[in-house]
Amino acid sequence: MSTHAADPLAALAALPGVPDAVDSVRKAVDRVYGHRVMRRRSNEISSEAALRGARGSAALSGADWALEEVRRRTDFSADPEARTVGAALRLGVEVGQLLSIWRQSPLRVLARLHLVAAGDAADSVGRPRQAGEIVDEPLIEAPLPDAAEVAARLDGLAELIVAGTSAPALVTASVVHGELLALRPFTSYSGLVARAAERLVLVGSGLDPKAICPAEVGHAELGRAAYVAALDGYLSGTPEGMAQWITHCGRAVELGVRETTAVCEALQRGAA
């Protein structure tokens, strides 16, 4: 993302269609937070949202497991799909621990997220990729920026986060998500990290403080083809493309809200 505005994220918030998406997301989130079950069982709902969000994120990275299989499984080391699901689950837990650090040191948080996702101590883990390193990122086939561009754009993204913005949470979260997908800054699991960072922004901004609105669920429900098509809009850098990506992310949040609303209803009926 490149622009010379004093607050480039705020400028994106004014793009056609984006204010409506922001408003729609806010109303949806407010409705689920007002559900009577939230007053008594919000911790359960947060845990379930994390589980379902992890399942959705893993699905987008090629490990499309049924929710009950994710819930049942205890060993996530058997094969690449299992490792992807395990990485997504670990990230779902880790996000809540990093909220206080994000605004001061976003690059440190991203490095930590990759370390948690990778689950090992290989030399390439927990740092941006270097020239010549192989990138394993299912689904995203866009041209891969070189290591120097990755470093520069990560620094730019960090500067935006640290400086702060008047932009709505949806806009900031969408840009963080899109930029990390565009860069694929790590040798592995960049997609999982990008979606975890989106969640971190939505939670840390105060839009979804209890982490009950898993956008990853919505991204998976909208499908991999739609996800890639919307990302192409982000990669284009045009106002229309950026608006397409932000509104897509807004729809994903709303679908996550719908999923959590169904969980609340099931808890209310005593069926979950």
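Here, residue 1 is the first one in the sequence, and each next residue gets the next number. The structure presented is a predicted model; accordingly, all values stated were derived computationally and were not measured.
- Val135 and Leu139 sit in two unconnected hydrophobic clusters of ILVMFWY residues. Membership requires side-chain heavy atoms under 4.5 Å apart, directly or through other members.
- Considering all non-hydrogen atoms of both residues, Pro185 and Leu180 come closest at CD-O, 3.4 Å.
- No more than 12 heavy atoms of other residues, nucleotides or ligands sit less than 6.0 Å from atom CZ of Arg108.
- Using a 4.5 Å cut-off on side-chain heavy atoms (C-beta onward), Leu60 and Arg224 make contact.
- Using a 4.5 Å heavy-atom cutoff, the side chains of Arg103 and Ile161 are in contact.
- Put simply, the side chain of Trp102 reaches to within 4.5 Å of the side chain of Val176, judged on heavy atoms.
- Between the side chains of Asp7 and Thr165, at least one donor N or O lies within less than 3.5 Å of an accepting N or O.
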Assess the residue pair Glu48 and Arg52 against the criterion (salt bridge (charged side-chain N to carboxylate O under 4.0 Å, His left out)); give the C-alpha distance rounded to whole Å, side-chain angles, the decisive distance to 0.1 Å, and a yes or no. CA-CA 6 Å; Glu48 187 66 18; Arg52 294 176 185 230; 2.7 Å; yes

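- Listed here is the closest heavy atom pair of Cys213 and Val257: SG-CG2, 3.7 Å.
- Ion pair Glu198/Arg195 not flagged as a salt bridge, since none of the NZ, NE, NH1 or NH2 atoms sits closer than 4.0 Å to an Asp/Glu carboxylate oxygen.
- Using a distance-only test at 3.5 Å, with no hydrogens or angles considered, no donor-acceptor pair links the side chain of Ser42 to the main chain of Arg39.
- Side-chain contact between Leu222 and Arg251: present, with at least one pair of heavy atoms (C-beta onward) separated by less than 4.5 Å.
- Interatomic distance, CG of Leu235 versus CG of Leu181, reported as 8.5 Å (0.5 Å rounding).
- Panel note: side chain Tyr33, backbone Lys210; a donor-acceptor pair is recorded below 3.5 Å.
- No donor-acceptor pair under 3.5 Å is formed between the side chain of Ser105 and the backbone N or O of Ile101.
- Between Arg258 and Glu254 the shortest side-chain heavy-atom distance does not fall below 4.5 Å.
- Sorted by first and then second residue, the ring pair (Phe, Tyr, Trp, His ring centres under 6.0 Å) pairs involving residues 109-144 (not counting sequence neighbours) are His114-Phe186.
- Shown here is Arg72, whose CZ atom has more than 12 heavy atoms of other residues, nucleotides or ligands within 6.0 Å.
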Side chain to side chain contact (heavy atoms under 4.5 Å, CB included), that's the test. Do Cys249 and Leu170 meet it? Break it down for me. CA-CA 8 Å; Cys249 291; Leu170 173 64; 4.2 Å; yes

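- Between His219 and Trp245, the ring planes are parallel. Angles under 30° get that label, and only those over 60° would be called perpendicular.
- For Glu68 and Arg71, the salt-bridge test passes: some basic side-chain N is under 4.0 Å from an acidic carboxylate O.
- A donor-acceptor pair is defined here as one N or O able to donate and one able to accept, closer than 3.5 Å; such a pair exists between the side chain of Glu137 and the backbone of Gly191.
- Judged purely by atom type and a 3.5 angstrom limit, Thr84 has no side-chain atom pairing as donor or acceptor with the backbone of Ala58.
- Here the CG atom belonging to Asp208 is positioned 9.5 Å from the CZ atom belonging to Arg26, to the nearest 0.5 angstrom.
- Checked by atom type, the side-chain pair Ser57/Arg199 shows no donor-acceptor distance below 3.5 Å.
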Show the numbers, then the answer: is there a side chain to side chain contact (heavy atoms under 4.5 Å, CB included) between Ile45 and Val32? CA-CA 11 Å; Ile45 295 164; Val32 74; over 6 Å; no

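- Distance CG/Leu91 to CG/Leu200: 10.5 Å, rounded to 0.5 Å.
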Verdict with supporting geometry, Val109 and Arg112, side chain to side chain contact (heavy atoms under 4.5 Å, CB included): CA-CA 5 Å; Val109 168; Arg112 174 63 186 171; 5.5 Å; no

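- Nearest heavy atoms, Leu255 versus Val217: O-CG1, 4.5 Å.
- Atom CD of Glu149 is separated from atom CG of Leu183 by 7.0 Å, given to the nearest 0.5 angstrom.
- Leu231 places a side-chain heavy atom less than 4.5 Å from the side chain of Tyr234.
- Closest approach of Ala63 to Val85, counting heavy atoms only: CB-CG2, 3.7 Å.
- Residue pairs meeting the ring pair (Phe, Tyr, Trp, His ring centres under 6.0 Å) criterion with at least one member in residues 48-82, sequence neighbours excluded, do not occur.
- Here the side chain of Ser205 pairs a donor or acceptor atom with the backbone of Leu202 at under 3.5 angstrom.
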Audit row: Thr187, Ile134, side chain to side chain contact (heavy atoms under 4.5 Å, CB included) steps and yes/no: CA-CA 6 Å; Thr187 56; Ile134 302 299; over 6 Å; no

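- Between Arg153 and Val150 the shortest side-chain heavy-atom distance does not fall below 4.5 Å.
- Pro214 has its side chain within reach of Thr260: a pair of non-hydrogen atoms, C-beta onward, lies under 4.5 Å apart.
- What you find for Val125 and Ala118 is that their closest heavy atoms are CG2-CB, 3.7 Å.
- Note: the hydrophobic cluster containing Leu51 does not contain Val116 (ILVMFWY, side chain heavy atoms under 4.5 Å, direct or indirect links).
- Between Ile212 atom CD1 and Thr261 atom OG1 the span is 8.0 Å, to the nearest 0.5 Å.
- The backbone N or O of Ala142 lies less than 3.5 Å from a partner atom in the side chain of Arg184, making a donor-acceptor pair.
- Other residues, nucleotides and ligands contribute only 12 or fewer heavy atoms inside 6.0 Å of the CD atom of Glu141.
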Determine all donor-acceptor pairs shorter than 3.5 Å in which one atom belongs to a side chain in residues 8-15; sequence neighbours excluded.
none

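- Atom-to-atom distance recorded for Arg269:CZ and Cys264:SG is 11.0 Å, nearest 0.5 angstrom.
- A continuous path of hydrophobic side-chain contacts links Leu99 to Val201 [ILVMFWY only; heavy atoms under 4.5 Å].
- The two atoms that bring Leu192 and Ser61 nearest to each other are CD2-OG, 3.8 Å, heavy atoms only.
- Between the side chain of Ser24 and the main chain of Asp20, no donor-acceptor pair closer than 3.5 Å is present.
- Distance alone, capped at 3.5 Å, is enough to place a donor-acceptor pair between the Ser236 side chain and the Gly233 backbone.
- A donor-acceptor contact shorter than 3.5 Å is absent between the side chain of Glu69 and the backbone of Ala66.
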